[in-house]
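Letters A, B, ... mirror the listed sequences (proteins, then strands); counts begin at 1. These numbers come from the heavy atoms of this one structure, side chains and all, not from hydrogens, waters or symmetry mates. Keep in mind that what you see is a predicted model, and the values were worked out from it rather than measured.
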Amino acid sequence: MPPEQILKMLLWGAAAPFAVAAASVFMLGRRADSSSGPARPVIAGVLAFVIIYVVAQGLLIGWPTIPPREAIQYLPLAAVLGALIGFLDLWIPLLRTRWAAVAVIAFAFVLPRIVPMSGKAAWLSDALLAWAILWSSMREIVKSPTRFVPVVTLGLIAACSAVALAGSGSLKLGQLAGIVAFASLGICAAQLVRHTVLISGPAVGASTAVLASALGQGVAFGSTPQASAAIIALSAAVAMPAAFLGNVNSVDRTRVALVGAVVLLFAGAGAVFAIVYGRSPAYGTEY
Amino acid sequence: MRYCPLCVVGASILVATAGVFGMGAMLGAGEKPSVVQSMDDGYTIDGGHSFLTFRVKHNNVAYAYGRFNKISGSFNLDKDNPSANAFDITIDATTVDTGITNRDDHLKSQDFFSVKEFPTATFKSTSFKSDGSVLTCTGDLTMHGVTKTITAPIDITGFGEGRGGTRLAGFESKFVIKRSDFGMNYMQGPLGDEVTIIVSCEGVKK
């Protein structure tokens with residue numbers, strides 16, 4: 001692969017999301033220290049995430065058309081919708097119950113029986129299902145008193161999703177999941193020196209919507225095994241007990257390590273499953 | 001946690017701007033292009049003797065070749081009367097074949113053709129022009145959800161009879177497109193943007 005191509009992928013898919021996310025933590029950290037109240041970092045945080053994702057996708061694989069011409073162009077829209085639903089989740093008590101997630105899961109099962117899920121819509125059902133599971137778990141994990149737990153969980157799930165998608169023949173989707181992983185890594189690195197929590201309910205609404213959509217499209221249009229996507233989507237739920245176990249403080253390293261290990265074990269298994277049972281895009285000595 | 005109501009993010013409505021596309025053909029000063037005729041008594045493409053091959057440069061070093069194994073549709077061919085010509089061709093994108101299954105699967109994925117979203121590519125002629133020796137066809141090529149007007153030279157390769165006296169006709173066309181024009185801009189560099197397409201069809205009189 002030519003160096004300029006590799007450079008472009010690294011710049012827009014990894015370095016830029018990392019740097020902008022890290023810079024956002026520093027900027028929002030100052031605001032959080034001021035008297036503006038805690039709401040502003042939440043809103044600015046999710047806006048930062050959505051902007052990082054949309055711009056990175058545009059620069060990496062091209063800007064979406066309006067209306068979207070192909071399924072992959074719905075991912076930025078998924079980020080926006082996920083963020084909006086995340087905000088609604090904060091303000092409308094009805095959505096705070098587990099029944100909301102149950103309703104989305106039921107809808108995801110019923111939807112293909114009402115509307116034929118083929119062609120461009122083939123990914124919707126799997127994506128909805130994955131999002132309901134992933135988001136309902138992550139929206140609980142953001143309440144963990146250890147501030148590194150949500151970002152580490154999200155980052156590892158995104159990284160494993162990227163490996164699973166790229167390893168099963170969807171390189172483009174893998175790169176898009178990688179944007180979320182590198183943004184999470186940037187937030188995590190910046191959080192080491194600044195005490196701002198950027199991963200809020202709306203932010204996980206947006207990020208999990210992107211990841212679930214990517215996994216759903218990998219299953220529908222690529223060769224990512226459904227089981228692999230399910231295992232990755234469930235990994236946050238499996239790690240949830242560890243996120244709230246025992247006495248904690250905001251930098252509880254043991255808890256972060258425990259949650260990270262559980263997520264890595266589970267989501268990593270999903271990624272390995274995808275590499276083994278999906279179809280690799282590698283052929284010859286080059287792509 | 002308190003939230004300022006003024007900070008509530010309202011739902012953004014994305015308004016699709018409907019573009020009006022001019023469909024005027026670029027008319028030359030010479031012979032007037034014809035309007036495509038009906039293909040009721042034309043030729044049905046014989047999928048077993050019709051081929052669509054393509055080549056694209058790999059790593060800017062050598063050409064990689066591939067083909068689509070299923071091509072169907074119909075056409076009219078009349079070398080003396082360009083206005084009687086017409087093409088309506090459908091290519092099954094799921095049959096892309098480069099000889100390596102993993103590569104074919106990758107080409108079928110969202111990285112390239114996304115065949116589950118866009119299972120076919122089509123070409124419909126809109127006009128023909130002949131300067132006496134060269135027949136040129138202009139038409140709409142739809143691939144990967146994008147329609148572009150292309151112009152290609154048509155070489156009428158022959159007319160004849162098949163088994164049982166069926167009337168046959170054939171043509172070949174070679175032209176170059178840019179895959180980025182059709183939204184397939186992934187892996188630019190490792191794979192060239194320009195794709196040379198050679199289509200050779202044999203048709204059986206209806």
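Put simply, the side chain of B:D111 never gets that close to the backbone of A:S170: no donor and acceptor are under 3.5 Å apart.
The pair A:R279-B:D105 meets the salt-bridge criterion, with a side-chain N (NZ, NE, NH1 or NH2) lying under 4.0 Å from an Asp/Glu carboxylate O.
In the displayed structure, B:F159 atom CZ is contacted under 6.0 Å by more than 12 heavy atoms of other residues, nucleotides or ligands. Atom NZ of B:K70 sits in a sparse spot, with 12 or fewer heavy atoms from other residues, nucleotides or ligands closer than 6.0 Å.
Within residues 217-225 of chain A, the residues that have a heavy atom under 4.5 Å from a heavy atom of chain B are A:Q217, A:A220, A:F221, A:G222, listed by number. Residues of residues 167-176 of chain B lying within less than 4.5 angstrom of chain A, judged on heavy atoms, are absent.
Rounded to the nearest 0.5 angstrom, A:L171 CG and B:S109 OG are separated by 7.0 Å. Distance check, rounded to the nearest 0.5 Å: CD of B:Q110 to CD1 of A:I61 gives 8.5 Å. Note that CD of A:Q175 is 3.5 Å distant from OH of B:Y186, once rounded to the nearest 0.5 Å.
Contact annotation for B:N185: only side-chain heavy atoms (C-beta onward) come within less than 4.5 Å of a heavy atom of chain A.
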